[in-house]
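This report refers to the structure that appears directly beneath it.
Whatever order the structure lists ligands and atoms in, that order sets their numbers, starting from 1.
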Amino acid sequence: MRKKIVAGNWKMNTLPAEGVELARGVAAGRGEVNSDVTLIVCPPFTHLAGVIESLNGANVEVGAQDCATEAKGAYTGEVSAAMIAALGCKYVILGHSERRQYYGECSETLNKKMEQAYANNLTPIYCVGENLEEREAERHFEVCKQQLEEVVFNLTDAQFKNLVIAYEPVWAIGTGKTATAEQAQEIHAYIREVLRSKFGAAAEECPILYGGSCKPSNAGEIFAKADVDGGLIGGAALKADDFLAIGKSFE
Ligand code: 13P
């Protein structure tokens, strides 16, 4: 049985105290979500310590939204994987399309970040996905394959066993346009096939999350698909009730 995961990517939203409030709301409703669903919140770096403290004992995991390519040293403004792991984070989102698009993150950068994540026992949530132009040109399979080959294929078998993939079509992020459940299933199955070609049967165990305008009203239909193992949630993760409702959307 693959792990079911609902992860909230708060992006650059909420002030620290608001983040703690939001985390408390998620913790308060955790019991309503089936215990076989892993809930993860990914606040901004500045909120991590406070959020982790407020979640104490609540069975809600915490992830960071990024980490540095280097272990430590003279890298002004960067936050290392060791720093976030020391706070109690278990996960780190890497390769989000916003980082690729606005901060020029390429596979070379992401390989270094993945290495830092594993060196500090963090589970990467590695994001792939095509933009609108690529989808319209029917290049979405090719784009996702390349994003996997250039980064995930460099992992060892042991590292691969500790990986979460998120498929996030850029045209569906924050736009209110969701991929249909059929579109999600089609590409999730393809992603799993690509992973199988490199890692064999271990690909069956790798959680593949859908992200892009996922909300309580559409999560159930998407999560019901065979190769969709949960979601990476942006906007709807900023309201505890919506986030929890998505957590309850598995059949
Ligand atoms: P939205 O749910 O706001 O579309 O964002 C998705 C996302 O980018 C999560 O990482």
Side chain, backbone, both or neither: K215 near ligand 1, heavy atoms under 4.0 Å: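 For K215, no heavy atom sits under 4.0 Å from ligand 1.
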C127, portion touching ligand 1 at heavy-atom distance under 4.0 Å: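 Answer for C127: neither.
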Nearest candidate to atom 4 (O) of ligand 1, where distance is taken over non-hydrogen atoms, out of G211, G174, A237: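 Result: the heavy atom closest to atom 4 (O) of ligand 1 is in G174.
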Does [X] reach the main-chain N or O of [Y] with its side chain, forming a donor-acceptor pair under 3.5 Å?
X: Y210; Y: Q185; answer: no
X: N9; Y: K11; answer: yes
X: R192; Y: A203; answer: yes

Salt bridge (Lys or Arg N to Asp or Glu O under 4.0 Å) assessment of D36 paired with K3: CA-CA 8 Å; D36 72 354; K3 220 171 172 176; over 6 Å; no
For atom 2 (O) of ligand 1, closest protein heavy-atom neighbour: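 That would be G234 N, 2.9 Å.
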Minimum-distance protein heavy atom relative to atom 5 (O) of ligand 1: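 Protein heavy atom with the smallest distance to atom 5 (O) of ligand 1: K11 NZ, 3.2 Å.
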Side-chain ion pair, D229 and R2, N-O less than 4.0 Å: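 Between R2 and D229 there is a salt bridge, with a charged N closer than 4.0 Å to a carboxylate O.
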Note: E21-R24 ion pair, threshold 4.0 Å (strictly below):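 Yes.
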Give the numbers and elements of all ligand 1 atoms closer than 4.0 Å to a heavy atom of [X].
X: G235; result: 1 (P), 2 (O), 3 (O)
X: A172; result: 4 (O)
X: E168; result: 6 (C), 7 (C), 8 (O), 9 (C), 10 (O)
X: L232; result: 9 (C), 10 (O)

Taking N or O atoms only and a 3.5 Å limit, does [X] qualify as a polar contact for ligand 1?
X: T175; value: no
X: N9; value: yes
X: G212; value: no

Verdict with supporting geometry, E105 and K113, salt bridge (Lys or Arg N to Asp or Glu O under 4.0 Å): CA-CA 10 Å; E105 288 198 3; K113 292 187 174 191; 2.5 Å; yes
A236 touching ligand 1 at heavy-atom level, < 4.0 angstrom: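 No, A236 has no heavy atoms under 4.0 Å from ligand 1.
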Test item: side-chain donor near acceptor, W171 and E130, under 3.5 Å: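 Their side chains do contain a donor-acceptor pair, which is all the 3.5 Å distance test asks for.
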Pair H96-E168, side chain to side chain donor-acceptor pair (under 3.5 Å): steps then yes or no: CA-CA 8 Å; H96 192 281; E168 299 206 307; 2.9 Å; yes
